[in-house]
Amino acid sequence: MLDLQWVREHPDQVRNAMARKGLENTDVVDRLLEADRTRRAELSELQEAQARSNDVSREIGELMKSGRKEEANDRIAETSLLKKEIREREEAARAAEATVNALLLEVPNIPHETVPDGSGAKDNEVVGEFGERRKFDFEPLPHWEISENLGLIDFDRGSKVTGAGFPFFVGPGAKLERALIAMFLDLASDEGGYTEIQPPLLVNEDSARGTGQLPDKEDLMYEVPRDELYLVPTAEVPVTNLLRDEILESETLPIKYCAYSACFRREAGSYGKHVRGLNRLHQFDKVELVQFVKPEDSYETLETMRDDAERVLQRLGLPYRRLLMCTGDMGFSQAKKYDLEVWSAGQERWLEVSSISNFEAFQSRRMRIRYRPQGQQKTEFVHTLNGSALALPRTVAALLEHYQQANGTVLLPEPLRPYYGADTIG
RNA sequence: GGAGGGGUGGCAGAGCGGUUGAAUGCACUGGUCUUGAAAACCAGCGUGCCCUCGCGGGUACCGUGGGUUCGAUUCCCACCCCCUCCGCCA
């Protein structure tokens with residue numbers, strides 16, 4: 001969420017930002033400002049009444065102490081009306097506060113000035129294309145056929161046991177998955193300097209709210225209502241919430257975490273060839289990067305974090321491209337976001353495998369993650385960033401397709417071999 | 001799951017119905033002293049919100065939410081979390 005006081009002082013910038021993000025209706029801003037006026041008026045009235053009440057109580061205390069019991073009793077008799085007033089005003093102030101908070105949660109983050117305007121995927125800027133798309137002297141197969149032929153993934157039994165989108169990885173398929181996770185984590189921790197985290201896979205409501213999955217996107221998450229918990233849609237949720245409600249020492253920044261987790265997403269919606277095979281699952285593996293940085297560093301960090309994610313694709317030798325997301329395709333909480341898409345040789349299309357975002361203080365304000373700048377009493381909100389490095393299923397798809405051979409086997413890229421324990425699958 | 005103990009400021013730790021935002025110690029900041037440093041001494045030192053151009057003032061906050069009371073950190077109820085013991089369990 002944005003800073004209420006800032007919104008109060010810059011309503012036009014907020015309206016402008018919403019328009020850039022393609023939100024026609026900016027009257028939330030007006031409703032918010034109005035609600036804020038109401039809230040402050042109610043609060044003043046309440047506090048004034050409380051001040052009077054405190055004065056009376058103090059007097060009564062003094063009278064009691066000096067033994068003037070009857071005078072005290074007279075004063076006590078006078079208080080009932082004031083008590084009633086306070087009770088009512090408390091109610092009103094609370095309601096006003098709740099209205100303001102609810103409206104504030106409806107206001108999206110402000111896009112950074114370097115973010116291109118646009119209304120959807122077509123307006124994203126392709127900032128660069130890297131690596132060579134392989135030329136095949138045979139017809140490359142899509143990954144679902146490769147995995148079928150080699151017995152890597154069992155989609156049908158996954159459907160039987162759980163449902164569509166919950167495949168079994170079997171034998172070499174399972175081993176490949178494990179190898180990639182280990183390799184990605186090593187890259188992030190040993191080379192990238194990220195501290196490795198194994199987070200819980202269930203989070204409570206406060207955490208889901210903290211990273212912005214609630215209140216709006218509850219359809220995204222699987223829920224365990226009996227215990228009021230949610231299955232994580234990404235490690236971003238537990239790992240960012242790790243520092244919720246904390247005040248960090250300035251010297252500890254930047255804080256860099258990497259985490260592997262299974263991710264659970266309901267993804268209600270489209271079916272068809274674009275979700276075939278590994279393209280879209282309800283449960284998948286991902287290694288996520290999260291950073292907490294000083295505000296002045298966050299845009300530089302966005303670039304280095306993007307480099308960290310790209311390095312994984314480079315190490316795997318997979319062709320990919322980098323997209324700078326436009327205002328309309330960016331999402332509610334982000335100020336700036338890159339996507340990385342890997343080339344799928346068997347499907348001949350780009351697959352999103354990573355998304356790297358700067359949230360500025362939008363998340364940290366909600367989560368109250370602050371730090372104390374050197375030589376300063378007042379705390380400030382840190383900036384948070386996160387990025388995938390990488391999401392596994394589509395990476396696996398591209399990997400199998402890119403490195404498939406005419407005889408049906410897959411020749412793994414050199415850096416992956418020690419993790420997999422062999423050069424070839426099949 | 002059962003029994004007991006506990007949750008107070010950055011940390012440690014008092015308070016247990018009245019002017020307590022909260023003793024004390026440590027940490028931190030400024031000053032005195034010193035050639036310099038340490039020690040010592042003096043002073044300051046929580047957060048949110050509201051009002052104010054500013055000085056400043058007000059209000060709320062002692063795990064969370066309710067209740068009793070003129071007044072609650074202090075009493076009552078519910079919930080959450082932590083610790084110890086028992087049970088169960090990978």
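Bear in mind that the values here come from a model prediction, so they are computed numbers and not experimental data. Proteins come first, then strands; the chains are lettered A, B, ... in the order of their sequence lines, and each starts at number 1. Note: hydrogens, waters and symmetry copies are ignored here, and every other heavy atom, side chains too, is used.
- Put simply, NZ on A:Lys83 is 9 Å from C1' on B:G71, counting in whole angstrom units.
- Pair check for B:A39 finds none; no Watson-Crick or G-U wobble contact set falls under 3.5 Å.
- A distance of about 37 Å separates the C1' atoms of B:C26 and B:A78, rounded to the whole Å.
- A distance of about 47 Å separates the C1' atoms of B:A38 and B:C51, rounded to the whole Å.
- If you check B:U20 for Watson-Crick or wobble pairing at under 3.5 angstrom, you find it has no partner at all.
- Following rounding to the nearest Å, A:Arg94 (CZ) and B:U59 (C1') show an atom-to-atom distance of 15 Å.
- Taking only side-chain nitrogens and oxygens, A:Asn54 never comes nearer than 4.0 Å to OP1 or OP2 of B:G71.
- Pair check for B:G4 finds B:C83; Watson-Crick or G-U wobble, both atom distances under 3.5 Å.
- B:C79 atom C1' lies 15 Å from atom CD of A:Glu205, rounded to whole Å.
- In this structure, A:Leu46 atom CG and B:C49 atom C1' are separated by 11 Å, rounded to whole Å.
- Atom CD of A:Glu9 is separated from atom P of B:C53 by 14 Å (rounded to the nearest Å).
- Using a 4.0 Å cut-off, no side-chain N or O of A:Arg58 falls inside it from OP1 or OP2 of B:G18.
- Nucleotide B:C62 is matched to nothing when pairs are restricted to Watson-Crick or G-U wobble geometry with both distances under 3.5 angstrom.
- For A:Arg87, the side-chain atoms get nearest to B:G67 when compared with the rest of B:C49, B:G67, B:A60.
- In this model, the phosphate group of B:C50 is approached by a side-chain N or O of A:Arg8 to a distance below 4.0 Å at OP1 or OP2.
- Across the interface with RNA chain B, nearest-nucleotide mapping of A:Gln5 and A:Glu48 shows A:Gln5 to be the residue nearer the 5′ end.
- Atoms CE (A:Met64) and C1' (B:U69) sit 11 Å apart, rounded to a whole Å.
- Out of B:C51, B:C70, B:A60, the shortest distance to the side chain of A:Ile60 is found at B:C70.
- Residue contacts for A:Ser57: at a heavy-atom cut-off of 4.0 Å it reaches a base atom on one of the strands shown.
- Counted by atom type alone, A:Tyr299 and A:Glu360 present one or more donor-acceptor pairs between their side chains at under 3.5 Å.
- One C1' atom belongs to B:U8, the other to B:A22, and the distance between them is 9 Å to the nearest Å.
- Among the nucleotides B:C70, B:U59, B:C51, the one closest to the side chain of A:Ile76 is B:C70.
- Contact annotation: A:Arg75 does not reach the phosphate of B:G18 (side-chain N/O to OP1 or OP2, under 4.0 Å).
- Sequence order on RNA chain B of the closest nucleotides to A:Gln47 and A:Gly61 puts A:Gly61 first from the 5' end.
- Taking the side chain as every heavy atom from C-beta outward, A:Leu2 and A:Asn109 approach each other to under 4.5 Å.
- As judged by a 4.0 angstrom heavy-atom cut-off over every strand, A:Arg89 is placed among residues making no nucleic acid contact.
- Inspection of the A:Gln291 and A:Thr301 side chains reveals no N or O donor paired with an N or O acceptor under 3.5 Å.
- Out of B:C50, B:U47, B:C70, the shortest distance to the side chain of A:Arg370 is found at B:U47.
- Between B:U34 and B:G46, the two C1' atoms lie 34 Å apart (nearest whole Å).
- One P atom belongs to B:C82, the other to B:C88, and the distance between them is 22 Å to the nearest Å.
- The gap from the C1' atom of B:U74 to that of B:C83 amounts to 24 Å, rounded to the nearest Å.
- Side-chain atoms of A:Asn204 and A:Ser207 form a donor-acceptor pair, as typed in the model, at a separation below 3.5 Å.
- When Watson-Crick and G-U wobble pairs are counted only if both distances are under 3.5 Å, B:A72 pairs with no nucleotide at all.
- A side-chain N or O of A:Ser355 and one of A:Asp339 form a donor-acceptor pair less than 3.5 Å apart.
- A:Tyr338 and A:Glu303 share a side-chain donor-acceptor pair at under 3.5 Å.
- Comparing the P positions of B:C62 and B:A72 gives a spacing of 11 Å, expressed to the nearest Å.
- A distance of about 38 Å separates the C1' atoms of B:G15 and B:G54, rounded to the whole Å.
- Heavy-atom minimum distance, A:Ala262 versus A:Gln283: CB-NE2, 4.3 Å.
- Closest approach to the A:Arg40 side chain among B:C49, B:C51, B:C70 is made by B:C51 (side chain taken as heavy atoms from C-beta onward).
- Distance CZ (A:Arg39) to P (B:C49): 8 Å, rounded to an integer number of Å.
- There is a side-chain donor-acceptor pair under 3.5 Å between A:Glu236 and A:Gln363.
- B:U19 atom P lies 14 Å from atom CG of A:Asp55, rounded to whole Å.
- Between B:U19, B:A60, B:C70, one nucleotide has an atom nearer to the side chain of A:Gln50 than all others, and that is B:A60.
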